[in-house]
2 protein chains.
Amino acid sequence: MNQPKQTKKTTIYDLAELAGTSASAVSAVLNGNWKKRRISSQLAEKITRLAEEQGYALNMQASLLRREKSKIIGMIVPKYDNRYFGSIVEAFENMARERGLFPIITCTRRDPELEIEAARTMLSYQVEWLVSTGATDPDRITDLCAASGVRSLNLDLPGSRAPSVISDNFAGARELTRRVLANCERKLGRVEPLLFVGGRGSDHNTSERVRGFRAAHADMGLAVDDNHILTCGYAPEKAEIALQALAQQEGNLTRGMFVNSTISFEGVMRWIKRSHHYDGRPPVMGCFDWDPFAAMLGDDIEMVRQDVPGMLNAVFGIIDHGSSKVERIEIPPLFLSQN
Amino acid sequence: MNQPKQTKKTTIYDLAELAGTSASAVSAVLNGNWKKRRISSQLAEKITRLAEEQGYALNMQASLLRREKSKIIGMIVPKYDNRYFGSIVEAFENMARERGLFPIITCTRRDPELEIEAARTMLSYQVEWLVSTGATDPDRITDLCAASGVRSLNLDLPGSRAPSVISDNFAGARELTRRVLANCERKLGRVEPLLFVGGRGSDHNTSERVRGFRAAHADMGLAVDDNHILTCGYAPEKAEIALQALAQQEGNLTRGMFVNSTISFEGVMRWIKRSHHYDGRPPVMGCFDWDPFAAMLGDDIEMVRQDVPGMLNAVFGIIDHGSSKVERIEIPPLFLSQN
DNA sequence: CAACCTTGCTCAATCGATGAAGCAACAATT
DNA sequence: AATTGTTGCTTCATCGATTGAGCAAGGTTG
């Protein structure tokens, strides 16, 4: 290689000197508007070649400082450890890149302080938009952004001061519950109220899903026991503990379950295996969220798939059109065949 | 709120004017070295209060342009859709943050062109280090970085021109194979060579795992049929197709399998369900990688867990000590109980 | 009271890229 | 020959934060 292995980075000034021209000519050539600036194609070619040879890389910090738009878009996400958030992040990156935006993503582990700090950092990096996914306090992030004149947007969990794109949790939960109840009937010969496990009672999604869960029961004339709504949190261990406690209290658990997220589903399945409670007569299950392996765990585990592409289309629809109407867009989740 | 909802962002000059002082005093106060610069605590307090009131946010672009170190660290990752990469990314973010580094992560979907482009972009953002995870051509990325005087490092897949941190694939595969063979013996009463499914024959990890697979067979005096090494790629569909083809060709498949990644495992399990090939006599399985739900799919599915914290400790060990010795660090994977 | 130190700031250059304004050289038009 | 137009550049201010150098006011020392 004849590239100089220098420590100092090559700048447009270095290239200008090598080419015997000015930095502004170099800049014009390298950012592509040399035609507009009437640089001869010979000079353009020479500069391009030199840049290549020297391994020149634009200093984005300098460039962004000068320009008015950063083209950086930020996303805050609670975790990377499940399919739902994983596919959100992946789709977000792709769609951002398609639009010439540079995505910065950070994971805040459902920690409210980290969320705020991450948002502040993103503002420092001059993001043009900030998407808060599953944030514990989206409105606070919106306020922070607003103070810097940055647009924000909520995904997965709604806020009240910025546009929000979420799943239609009520309809999704109602349909999921309906299906699980139908499976109950088919497999057990009778319907029987289900158990609801997982999520935080205080969050919008969980409360909407509980509402859908109740509505589906009401539709079939079934009464839901309030003790059977275990909104014990999302963590697998919490689901295990809650089930254990209920089993101790009631002896026999319900024959069907509605599990609110794959994260909780992990705890539920672990408890079922360990406790041997359901040995020989596996429960009829539904889960609000999808995971390929979880779906294979039983014969008829109903899994709702949240429509990630649909949600991100809505997100980028708002971004593309700059609309800042504080609206809530609810995307119907999908019921696909499991295999 | 009395914060000004302006569009223009507040700068240190605005704050200086409001405080009746100079921008340099404001800068000194806000970046914490006002003691060094002998600013009175009264002025410091006043400036801090004003900054708060005005919702001031540092312009990182300007700050970084001036400073010598960016404290930005980049990571390139192939996918977000499995536990292994998910936990790598999450741990990387945490460990970077602990060190006061700002992590930028991007997913390149195993696309060589995207990898290079992403690396270039990261260089533009003045990353101090670039970690290439599972890159298809890590050396090319190393060269790109070297041309800009940026340190790089390979994770998961090794390269030849930068330090590499990988799992001990050979030892891991050998032990995994040994365990699966032992399970075979226990469950079927006899040992019998396994089938190897998934991965690319050309990549280092796969070839090392095949080597370990063969070694474990040799240890037990078993011969491996070359047709039973299906390095068909990682995608689930490829595993399905490969199994289907082999089944058609051979009639009966082996009673045990070594699956090279959870991604491939998804395809294998799907094929097993669809084809009914193993109905009534489930295969004895091992998988190089771990997934909580996949682990629950059978009674004795052996899953090797790659030691993500161990690998990232090694990565940050190199970063912390600035060592650029081109070495290969192999981290032994973990065999934990599945539940 | 001169020499020196300390305190508490301000000034101005700088980082690298950008783009408006300007200018020299030459060509085309009247 | 004078005017206008075009081509192909260069000059310079600018973005916002940082930091070495410097300076004025007051205090201390011999």
Side-chain angles (χ1 to χ4, degrees), chain A residues 6-47 51 54-72 121 123-126 128 148-149, chain B residues 6-47 51 54-72 121 123-126 128 148-149:
Chain A
Q6 81 285 53
T7 286
K8 298 255 143 227
K9 288 178 184 173
T10 312
T11 70
I12 51 169
Y13 297 93
D14 303 330
L15 294 180
E17 186 147 15
L18 284 167
T21 181
S22 71
S24 89
V26 175
S27 170
V29 169
L30 296 180
N31 67 28
N33 54 10
W34 52 282
K35 295 228 158 166
K36 237 173 297 175
R37 313 255 332 247
R38 299 185 312 216
I39 306 290
S40 66
S41 46
Q42 298 142 54
L43 182 54
E45 223 163 296
K46 183 177 183 185
I47 289 174
Q54 301 293 314
Y56 170 80
L58 175 68
N59 182 325
M60 208 49 119
Q61 264 76 46
S63 176
L64 291 182
L65 176 57
R66 189 65 228 288
R67 295 203 307 232
E68 68 309 353
K69 317 209 84 190
S70 73
K71 300 240 175 196
I72 299 179
T121 308
L123 290 175
S124 284
Y125 279 93
Q126 312 300 109
E128 289 179 18
S148 293
Chain B
Q6 81 285 54
T7 285
K8 298 256 144 227
K9 288 178 182 172
T10 312
T11 70
I12 52 169
Y13 297 92
D14 302 331
L15 293 179
E17 185 148 16
L18 284 168
T21 180
S22 71
S24 86
V26 174
S27 170
V29 169
L30 295 180
N31 67 30
N33 55 10
W34 52 282
K35 294 226 158 168
K36 236 172 297 176
R37 299 198 48 125
R38 297 184 314 217
I39 306 290
S40 66
S41 46
Q42 296 142 54
L43 182 55
E45 222 164 298
K46 184 177 182 184
I47 289 175
Q54 302 292 315
Y56 170 79
L58 175 68
N59 183 326
M60 207 49 117
Q61 264 75 46
S63 176
L64 291 183
L65 176 57
R66 189 64 228 287
R67 295 201 310 231
E68 70 306 355
K69 317 208 84 192
S70 73
K71 301 238 175 198
I72 300 179
T121 308
L123 289 175
S124 284
Y125 279 92
Q126 310 301 108
E128 289 179 17
S148 293

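Keep in mind that this is a model prediction, so the values were computed, not measured.
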ask   = Quick one: does A/Leu58's side chain get under 4.5 Å of A/Leu30's, heavy atoms only?
value = no
Report the distance from atom [atom1] of [X] to atom [atom2] of [N], rounded to the nearest whole Å.
X: A/Tyr13; N: C/dA17; atom1: OH; atom2: P; value: 7 Å
X: A/Gln42; N: D/dG8; atom1: CD; atom2: C1'; value: 11 Å
X: B/Trp34; N: D/dA17; atom1: CH2; atom2: P; value: 20 Å
X: B/Ile12; N: C/dT14; atom1: CD1; atom2: C1'; value: 13 Å
X: B/Asn31; N: D/dG16; atom1: CG; atom2: C1'; value: 13 Å
X: B/Lys9; N: D/dA17; atom1: NZ; atom2: P; value: 11 Å
X: B/Leu30; N: D/dG16; atom1: CG; atom2: C1'; value: 13 Å
X: A/Arg67; N: C/dG16; atom1: CZ; atom2: P; value: 17 Å

Residues which pass salt bridge (charged side-chain N to carboxylate O under 4.0 Å, His left out) with A/Glu17, listed by chain and number, not counting sequence neighbours = none
request  = Check salt bridge (charged side-chain N to carboxylate O under 4.0 Å, His left out) between B/Lys36 and all other residues, then give those that pass, not counting sequence neighbours.
outcome  = none
Those residues that, when tested against [X], pass side-chain contact (heavy atoms from CB on, under 4.5 Å) (two or more places apart):
X: B/Ser41; result: B/Trp34
X: B/Ser24; result: B/Ser22, B/Arg37
X: B/Thr11; result: B/Tyr13, B/Asp14
X: B/Lys35; result: none

request  = Mind running a 4.0 Å heavy-atom check of residues 57-65 of chain A against DNA chain D and sending the residues that fall below it, in number order?
outcome  =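 Residues of residues 57-65 of chain A that come under 4.0 Å of DNA chain D are, in numerical order, A/Leu65.
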message = Going by the rule side-chain hydrogen bond (donor to acceptor under 3.5 Å, both in side chains), which residues pair with A/Ser63 if we only count those two or more places apart in sequence or in a different chain?
response = A/Arg67
query = Looking only at side-chain N and O atoms, does A/Tyr56 come under 4.0 Å of OP1 or OP2 in C/dA17?
reply = yes
inquiry  = Quick check against the 3.5 Å criterion: does B/Ser70 have a side-chain atom that pairs as donor or acceptor with the backbone of B/Leu64?
reply    =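 Looks like no, no N/O pair under 3.5 Å.
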Contact list (N/O, under 3.5 angstrom) for nucleotides 7-11 of chain C vs protein:
{"unit_1": "C/dG8", "atom_1": "N7", "unit_2": "B/Arg38", "atom_2": "NE", "d": "3.0"}
{"unit_1": "C/dG8", "atom_1": "N7", "unit_2": "B/Arg38", "atom_2": "NH2", "d": "3.2"}
{"unit_1": "C/dG8", "atom_1": "O6", "unit_2": "B/Arg38", "atom_2": "NH2", "d": "2.7"}
{"unit_1": "C/dC9", "atom_1": "OP2", "unit_2": "B/Ser40", "atom_2": "N", "d": "2.6"}
{"unit_1": "C/dC9", "atom_1": "OP2", "unit_2": "B/Ser40", "atom_2": "OG", "d": "2.4"}
{"unit_1": "C/dT10", "atom_1": "OP1", "unit_2": "B/Thr21", "atom_2": "OG1", "d": "3.1"}
{"unit_1": "C/dT10", "atom_1": "OP1", "unit_2": "B/Ser22", "atom_2": "N", "d": "3.3"}
{"unit_1": "C/dT10", "atom_1": "OP2", "unit_2": "B/Thr21", "atom_2": "OG1", "d": "2.8"}
{"unit_1": "C/dT10", "atom_1": "OP2", "unit_2": "B/Ser22", "atom_2": "N", "d": "3.1"}
{"unit_1": "C/dT10", "atom_1": "OP2", "unit_2": "B/Ser22", "atom_2": "OG", "d": "2.5"}
{"unit_1": "C/dT10", "atom_1": "O4", "unit_2": "B/Arg37", "atom_2": "NH2", "d": "3.2"}
{"unit_1": "C/dC11", "atom_1": "N4", "unit_2": "B/Ser24", "atom_2": "OG", "d": "3.0"}

